[in-house]
Amino acid sequence: MGDVHYIESGVGAPLVLLHAFPLDARMWNPVRTRLEDRTRMIAPDQRGLGESALDGSSAHPLAGGDRAAAPDVELAAADVLELMDRLELPRAVVGGCSMGGYVAMAMLRAAPERVAGLLLVDTKATADGPDQQANRRAVADRAESSGTGDWLAADMLPNLLGDTTRQQRPEVVEQVRGLIEEQPAAGVAWAQRAMAARPDSTGTLRGFGGPALVVVGAEDGITPPQEAAKMADLLPDGELVTLPEVGHLSALEDPDAFTAAIGPWLNRIG
Ligand code: MLT
């Protein structure tokens, strides 16, 4: 049995939601409380982050039984598939924000038959270029050598949150800062290296015939609206929603608008 930690709540059709970097499953709490009367939400912590161990013991065939596996979004996806096995969930709507979106796309490559619908939030289909990969590896090295306590949140907050949130929602800024500061440095390093190595998912999206919703914050500077529009175009049954006055963490920045955007889609796909 795997040991991925997860938060589960609500009743209804299952929705597996994968968190962004460098956060954990708690980023979905504001959405969870708004959807709990109609959706069974399962939010895992990616290995090494939140309460999930770094040496995840995934027994899923894709994990190859390698407990000290190299950083890889495909392995993060295998952990989630194994969690779905544990929960006896043959299929679920799978959604992810940013890094969680990269993992959702890896799930689609590994086991498309288990994805009843795809929710891509502030993410992108393309792989990193050499500069971005080098930058991620430098962040990973720094996290391992000096921890993340005094610099990671300060470096990331300006990009993770939209201008409106940074100016008008101080409680969200502090909430995200707190989540970042609680993440173990080794898990931060693993996630950065996994993202650096991720493949291009363009073909993966083109080949997914199920329902898909792409949500993006109008002020998202990391995975901007143009990237979201490209993904929606690639997806044969893709729809696009752009949320005003929010950035890269749209679901946390304005959970009412986010829930209003995904609720009708979830109802429609059942
Ligand atoms: C995230 O929010 O998960 C990260 O910003 C994704 C990334 O660095 O590409």
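Both counts, for ligands and for their atoms, begin at 1 and track the order of listing. Bear in mind that the values here come from a model prediction, so they are computed numbers and not experimental data.
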* Please list, chain by chain and in numerical order, all residues satisfying side chain to side chain contact (heavy atoms under 4.5 Å, CB included) with Pro30, sequence neighbours excluded. => Arg34, Gln175, Leu252, Pro255
* Structure fact -> In short, Asp55 meets Arg47 closest at the heavy-atom pair C-NH1, 4.2 Å
* Mind checking the CG-CG spacing from Leu119 to Leu17? Nearest 0.5 Å is all I need. => 6.5 Å
* Working to the nearest 0.5 Å, report the span between CG of Leu89 and CZ of Arg40. => 5.0 Å
* Would you say the side chain of Tyr6 lies within less than 4.5 Å of the side chain of Leu87, judging by non-hydrogen atoms? -> yes
* Between Lys124 and Asp220, is there a side-chain N and carboxylate O pair less than 4.0 Å apart? -> no
Mind listing the N or O contacts between ligand 1 and protein, cut-off under 3.5 Å?
from, atom 1, to, atom 2, distance (Å)
ligand 1, 2 (O), Phe21, O, 3.3
ligand 1, 2 (O), Ser98, OG, 2.9
ligand 1, 2 (O), His248, NE2, 2.8
ligand 1, 3 (O), Phe21, N, 2.7
ligand 1, 3 (O), Ser98, OG, 3.1
ligand 1, 3 (O), Met99, N, 2.8
ligand 1, 5 (O), His248, NE2, 3.4
ligand 1, 8 (O), Arg136, NH1, 2.9
ligand 1, 8 (O), Arg136, NH2, 3.3
ligand 1, 9 (O), Tyr102, OH, 2.6
ligand 1, 9 (O), Arg136, NH2, 2.6

